[in-house]
2 protein chains.
Amino acid sequence: MPIELRPLARKLGAFAVLSDDELAVLEAVSRRLRVFPPGQDVIHQGQERRSAYVLASGWTSSYKLLPDGRRQIVDFQIPGDFLGLRSLLFRTSDHNIMPVTRIEASEVSIQDLVGGFNRAPRLAAAVLWAASRDEAMVVEHLVGVGRRGPRERLAHFFLELHARLRLVGFATATSFDCPLSQYHLADALGLTAIHVNRVLRGFREADLMRFQKGKAEFLDPAELVRLADFDMAYLDQEEPLLSGAL
Amino acid sequence: MPIELRPLARKLGAFAVLSDDELAVLEAVSRRLRVFPPGQDVIHQGQERRSAYVLASGWTSSYKLLPDGRRQIVDFQIPGDFLGLRSLLFRTSDHNIMPVTRIEASEVSIQDLVGGFNRAPRLAAAVLWAASRDEAMVVEHLVGVGRRGPRERLAHFFLELHARLRLVGFATATSFDCPLSQYHLADALGLTAIHVNRVLRGFREADLMRFQKGKAEFLDPAELVRLADFDMAYLDQEEPLLSGAL
DNA sequence: CGTTAATTTGAATTCTCTCAAACTTCGTGG
DNA sequence: CCACGAAGTTTGAGAGAATTCAAATTAACG
């Protein structure tokens with residue numbers, strides 16, 4: 001299996017135990033590996049001709065812009081995540097995707113994807129599961145921004161990211177590398193960067209967690225989970241649901 | 001076509017012109033019509049045995065609860081909308097659905113749905129479109145709660161609801177019946193009911209819109225659209241995308 | 001007609017934001 | 001290797017907005 005598919009295969013593995021055949025189909029579906037520099041949109045709001053990608057390395061953000069420049073980041077994507085899967089069915093993309101770091105991404109066409117589903121139907125269920133999981137995360141972000149205080153929100157954010165990164169092998173038990181700026185956090189959480197900074201200082205001073213120099217470290221994970229009321233059921237990654245036939 | 005399917009067929013019609021055959025399949029998929037009283041969960045967070053429904057009449061809300069009782073409403077469903085479609089693929093439902101009014105809903109099993117897709121593949125694309133549209137709405141709500149002020153948020157909310165209701169024939173050009181309380185609005189928009197009340201008074205005094213006695217009326221729709229920066233592209237309902245073959 | 005739910009208003013408080021500015025880090029080019 | 005500039009982080013002070021608390025009024029329902 002090419003290196004860039006491992007995170008995706010690993011993630012889908014949380015939903016279904018995939019056979020070698022299915023893995024081969026997965027590999028065939030995403031062919032061209034493209035590279036994008038940070039800061040330049042991969043997918044652009046209103047764009048007609050869409051493709052989807054599987055992120056192979058690096059991080060991206062999906063976001064929407066208001067006319068006065070305010071930005072709401074909907075989610076961040078990490079290796080193994082789809083980019084622009086939802087917009088495949090829409091007339092035009094309703095959101096933007098911008099690399100946070102330099103990224104590598106495999107292009108997948110709608111034709112290849114549907115073709116792959118015919119050859120390996122369980123793959124379709126797995127991809128649909130991944131899409132449902134993405135939506136569940138958006139819902140959880142809405143809950144955070146709508147009804148959680150800034151401290152809870154930040155704590156929840158880091159815990160979710162950690163769980164996701166662990167699943168694809170990019171985190172230790174209590175830490176992970178994170179290329180996001182405090183502006184990124186602010187725009188994802190509906191806060192100002194200044195306030196994010198103050199909350200992070202609070203976490204540091206309370207020995208809860210540290211977020212510095214591109215690294216996030218949990219010092220008191222249990223207390224963080226309690227504070228955030230973090231229940232990762234919505235990530236649905238406890239064990240493969242489909243172990244045998246569909 | 002049974003009366004309870006008309007809104008769904010009408011909604012899907014915004015995506016694809018459906019043949020009589022496809023409409024028949026649609027009808028066959030949703031069989032048992034069930035009635036639920038207001039205030040009692042139809043689908044409950046953590047629930048294992050899930051079914052999905054098509055809402056035939058009445059309104060529901062999908063929401064999540066925090067342990068201390070705070071509530072975030074993710075969306076409201078109106079006739080023609082699916083209830084719990086996403087959670088069909090998940091181990092357990094990650095959210096609740098509660099009727100706002102007395103509702104009638106047709107139960108659809110995962111088996112019937114998949115069976116229907118085999119007989120009418122374009123229906124699968126249409127249902128996927130509906131699911132994508134739901135997700136796009138959640139994203140837009142996130143943008144509102146995260147980055148729009150209360151006035152913009154409220155205005156946007158009513159405009160979205162109006163566009164959705166028009167599509168299924170439940171609104172005039174400038175008004176619609178709305179069974180929501182100000183508590184509902186507050187929990188959907190991340191505000192307090194008290195503040196919602198004050199903003200609504202502002203709208204009334206500025207002759208922008210009225211929301212009273214179960215009815216929403218737009219007095220100055222153009223100004224409201226400007227205020228909310230409402231662009232309904234994300235609802236993707238301008239014209240059928242699929243008019244001929246897939 | 002009486003009881004409960006929903007709406008409306010007021011006053012005070014508490015957060016979070018805005019504005020301003022210093023400090024740090026990091027990459028680039030001299 | 002150092003200087004410089006840009007981006008990101010950190011801190012302070014003041015303003016403003018939405019919340020909380022309290023209570024009156026109105027509407028809805030049996």
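Labels below follow one simple rule: chain letters A, B, ... track the order of the sequence lines, proteins then strands, and each chain is numbered from 1. As the structure is a computational prediction, the values presented were derived from the model and not from experiment.
For the pair A:Lys213 and A:Pro150, nearest-nucleotide mapping onto DNA chain C gives the more 5' position to A:Pro150. Each of B:Gly149 and A:Ala193 was assigned the nucleotide of DNA chain D with the nearest heavy atom; the assignment lying further toward the 5' end belongs to A:Ala193.
Rounding to whole angstrom units, CD1 of residue B:Ile194 and P of C:dT13 are separated by 16 Å. Rounded to a whole Å, the CZ atom of A:Phe211 is 12 Å from the P atom of D:dG8. Straight-line distance from the NE2 atom of A:His184 to the P atom of D:dA7: 13 Å, rounded to whole Å. If you measure from atom CG of A:Leu185 to atom P of D:dT9, you get 8 Å, rounded to the nearest angstrom. The interatomic distance linking B:Glu205 (CD) with C:dT8 (C1') rounds to 12 Å, in whole Å. Taking atom CG of residue B:Leu154 and atom P of nucleotide D:dA18, one finds them 11 Å apart after rounding to whole Å. Between A:Glu152 atom CD and C:dC15 atom P there is a gap of 12 Å when expressed in whole angstrom units.
Comparing D:dA22, D:dA18, D:dG12 by their nearest atom to the side chain of B:His195 picks out D:dA18. Picking from C:dC17, C:dA6, C:dG10 the nucleotide with the shortest atom distance to the side chain of B:Ser181 gives C:dA6. Checked against D:dT9, C:dG10, C:dT18, the side chain of A:Tyr183 finds its nearest nucleotide in D:dT9. For A:Asn197, the side-chain atoms get nearest to D:dT9 when compared with the rest of C:dC17, D:dT9, C:dA6. Considering only side-chain atoms of A:Gln182, the nucleotide from D:dT9, D:dT11, C:dT8 that sits closest is D:dT9.
Counting any heavy atom pair closer than 4.0 Å across all strands shown, A:Leu200 reaches no nucleic acid atom. Across all strands shown, B:Gly190 has heavy atoms under 4.0 Å from sugar-phosphate atoms exclusively, and none from any base. Within 4.0 Å (heavy atoms only), A:Arg151 reaches no atom of the nucleic acid at all.
At the phosphate of D:dT11, neither OP1 nor OP2 sits under 4.0 Å from any side-chain N or O atom of A:Arg198. Taking only side-chain nitrogens and oxygens, B:Arg153 never comes nearer than 4.0 Å to OP1 or OP2 of D:dA18. The side chain of A:Arg70 contributes no N or O atom lying less than 4.0 Å from OP1 or OP2 of C:dC17. For the pair A:Thr192 and C:dC17, the criterion of a side-chain N or O lying under 4.0 Å from OP1 or OP2 is met.
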- request: Could you give me the CA-CA distance, side-chain angles and deciding distance for A:Ser62 and A:Gln77, then say whether side chain to side chain donor-acceptor pair (under 3.5 Å) is met?
  value: CA-CA 8 Å; A:Ser62 56; A:Gln77 291 76 43; 3.2 Å; yes

Step-by-step salt bridge (charged side-chain N to carboxylate O under 4.0 Å, His left out) determination, A:Glu135 to A:Arg86: CA-CA 10 Å; A:Glu135 189 182 344; A:Arg86 168 163 47 92; over 6 Å; no

query: Can you check salt bridge (charged side-chain N to carboxylate O under 4.0 Å, His left out) on A:Arg164 and A:Asp75, steps first, answer last?
result: CA-CA 12 Å; A:Arg164 292 171 62 189; A:Asp75 203 359; 3.1 Å; yes

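Counting heavy atoms of neighbouring residues, nucleotides and ligands inside a 6.0 Å radius, atom CZ of B:Arg151 does not exceed 12 of them. The environment of CZ in B:Arg204 is crowded: more than 12 heavy-atom neighbours from other residues, nucleotides or ligands sit within 6.0 Å.
Classified by interplanar angle (parallel below 30°, tilted 30° to 60°, perpendicular above 60°), the ring pair B:Trp59/B:Phe76 is tilted.
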